[in-house]
Amino acid sequence: MTSNHTPAPSHTQGGPRRAGVMTDVHRRFLQLLMTHGVLEEWDVRRLQKHCYRVHDRTAAVEELEDFINNINSVLESLYIEIKKGATEDDGRPVYALVNLATTSVSKMASDFAENELDLFRKALELIIDSETGFASSTNILNLVDQLKGKKMRKKEAEQVLQKFVQNKWLIEKEGEFTLHSRAILEMEQYIRETYPDAVKICNICHSLLIQGQSCETCGIRMHLPCVAKYFQSNSEPRCPHCNDYWPHEIPEVFDPEKEREAATSRATKRSLRSRQH
Amino acid sequence: MLQKPRSRGRPNSQAERERDWGRGAAEEAPSTSRGAGSSQEARSASSQGSRRAEASPEVGPRSQQQLELKVAELVQFLLIKDQKKIPIKRTDILKHVIGDYKDIFPDLLKLAAERLEYVFGYKLVELEPKSNTYILINTLEPVEEDAEVRGDQGTPTTGLLMIVLGLIFMKGNTIKETEVWDFLRRLGVYPTKKHLVFGDPKKLITEEFVRQRYLEYRRIPHTDPVDYELQWGPRTNLETSKMKVLKFVAKVHNQDPKDWPAQYCEALADEEARARPETSGPAPSS
């Protein structure tokens with residue numbers, strides 16, 4: 001009796017997990033995904049559908065999670081993976097292709113000069129040490145004299161910070177900077193290894209925490225989307241660690257459907273307005 | 001009897017590198033490429049692996065994981081460098097990635113090339129024979145709808161570059177710069193005026209495209225005022241073909257490629273030459 005499925009993985013010396021198979025659908029997906037530093041889930045699905053349309057119109061579009069797991073099993077031997085995360089402010093699911101073995105060959109290192117990278121590192125340290133997860137522009141710029149490499153003036157540093165925002169390494173809010181979800185996805189491992197004492201961790205998901213809410217009694221922290229999910233439809237939110245009342249406003253759980261409705265209604269309003277000219 | 005090379009106090013090259021994520025790509029990769037002592041040992045030792053392991057304990061036998069990691073680094077390096085569309089020099093590869101693993105460089109490059117093609121659909125090719133510079137060619141055909149889902153501008157399949165490539169081919173594979181501007185002026189593209197889409201067209205054509213090796217830009221001697229000639233660069237021949245460019249030109253004019261018999265014949269001959277089996281692969285020339 002013959003079986004149709006491929007043989008079970010070999011068990012020699014903890015041999016490699018049986019890798020999936022790459023087709024042109026997966027390759028085009030990877031190529032195009034790489035052109036984005038980080039991509040929201042809705043756009044990732046759109047990208048996936050596009051790749052099927054180009055190479056395999058008749059096939060059923062595989063469930064995104066399985067599709068990505070398949071690709072990741074092939075990427076494993078290259079020490080990279082498509083990692084899923086969420087934006088810290090409103091819990092949107094996002095994806096990025098990240099480097100698992102932190103080496104000097106990093107995406108950021110190739111786009112910026114030595115002094116620019118050092119500026120980022122300084123900003124990163126301020127962000128991690130801060131209570132809110134934000135570092136003010138003033139505080140970052142005051143460190144400009146300490147940078148390695150070519151001397152940088154404050155005016156120049158302001159532009160470099162904007163470059164970081166454009167390239168999705170930092171987010172700016174009212175003159176303060178925090179890490180973009182791209183940076184968190186790509187650098188979580190590096191950050192946890194380099195700043196083990198200063199780093200904050202979410203009590204719920206145990207991942208790196210930059211922005212979040214904290215219990216005023218025992219000090220544990222949670223991501224805003226983790227708070228939203230944990231206290232969903234709970235009228236008396238209490239700290240999971242010390243059971244004291246949770247004193248902060250509980251945010252809404254991210255709803256992709258509501259988001260898309262809002263986005264399309266905005267687009268329709270915009271097109272109606274433009275047609276009136 | 002070979003003496004043990006004096007270590008420059010580096011503990012573990014991998015651990016060191018993990019802390020150096022921020023180092024600019026221009027800087028030398030830490031430890032593995034430094035230490036003249038260790039590389040000398042490797043060179044003076046015989047080519048047989050086992051003897052080298054004995055003679056040069058610094059190099060030593062490498063684990064499967066170390067090799068895998070090296071190939072992974074090489075793949076990432078090539079992908080990142082190619083994104084900027086600048087040909088990758090072998091010397092840069094050796095300096096920033098290979099380091100101590102210089103002895104097995106051809107194997108590492110071959111493995112990296114295999115992975116690049118299987119996983120990403122990119123083929124590693126040498127820009128010109130014996131040039132020791134490489135580029136990645138996409139084995140997947142770009143599709144118009146790609147533009148809607150990508151995060152950057154992508155390779156210029158249509159637009160200014162294609163127009164210039166078309167001009168060059170239709171004019172017999174070489175054209176004077178003044179002729180290029182005479183033509184582009186009719187499309188509202190001027191060498192001295194900023195363009196909404198192309199920015200600085202002069203810089204784009206005579207610098208950017210040249211640096212990316214899509215075009216060759218040479219001064220024509222004894223011309224007054226100075227004039228330059230433009231031809232296809234080595235990357236163009238690898239990424240596209242005369243037939244593809246002719247088809248583009250025909251499409252723009254809403255005609256058939258055969259309406260230009262001379263160019264059509266030339267394109268056909270080029271297609272035939274390409275169909276013959278390739279003799280050169282991604283392996284570097286020694």
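Residue numbers start from 1 in every chain, and the chains themselves are labelled A, B, ... in the order their sequence lines are given, proteins ahead of strands.
In this structure, A/Y79 OH and B/K70 NZ are separated by 12.0 Å, a value rounded to the nearest 0.5 Å. Put simply, OG on A/S77 and CD on B/Q65 are 12.0 Å apart, with the number rounded to the nearest 0.5 Å.
Looking at B/Q83, the atoms closer than 4.5 Å to chain A (heavy atoms on both sides) all sit in the side chain, from C-beta outward. With a threshold of 4.5 angstrom between heavy atoms, A/L75 approaches chain B through side-chain atoms but not through N, CA, C or O. At a 4.5 Å heavy-atom cutoff, the contact between A/V54 and chain B is made by side-chain atoms alone. For A/I80, the part sitting under 4.5 Å from any heavy atom of chain B is the side chain, from C-beta outward, and nothing else.
Contact check for A/L47 versus B/R150: no side-chain heavy atoms found under the 4.5 Å cut-off. When side chains are defined from C-beta on, B/E68 does not count as touching A/L78, because their heavy atoms never get closer than 4.5 Å.
Contact count against chain A (heavy-atom pairs under 4.5 Å) is highest for B/D146 among B/L74, B/D146, B/T139. If you tally non-hydrogen atom pairs under 4.5 Å between each of B/L79, B/V75, B/V71, B/N138 and chain A, the highest count goes to B/N138.
What you find for A/V74 and B/R115 is that their closest heavy atoms are O-NH1, 3.9 Å.
Scanning residues 21-36 of chain A against chain B with a 4.5 Å non-hydrogen threshold yields A/V21, A/M22, A/D24, A/R27, A/R28, A/L30, A/Q31, A/L32, A/M34, A/T35, A/H36, sorted by number.
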key: CA sep, side-chain torsions, deciding dist, call: A/D111, B/K84, side chain to side chain contact (heavy atoms under 4.5 Å, CB included)   = CA-CA 10 Å; A/D111 284 339; B/K84 303 188 194 269; 2.7 Å; yes
inquiry  = Please determine whether side chain to side chain contact (heavy atoms under 4.5 Å, CB included) holds for the pair A/H50 and B/E148, giving the CA-CA distance in whole Å, both sets of side-chain angles, and the decisive distance to 0.1 Å.
reply    = CA-CA 10 Å; A/H50 163 76; B/E148 294 165 35; over 6 Å; no
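Heavy atoms of other residues, nucleotides or ligands lying less than 6.0 angstrom from NZ of B/K244 number more than 12.
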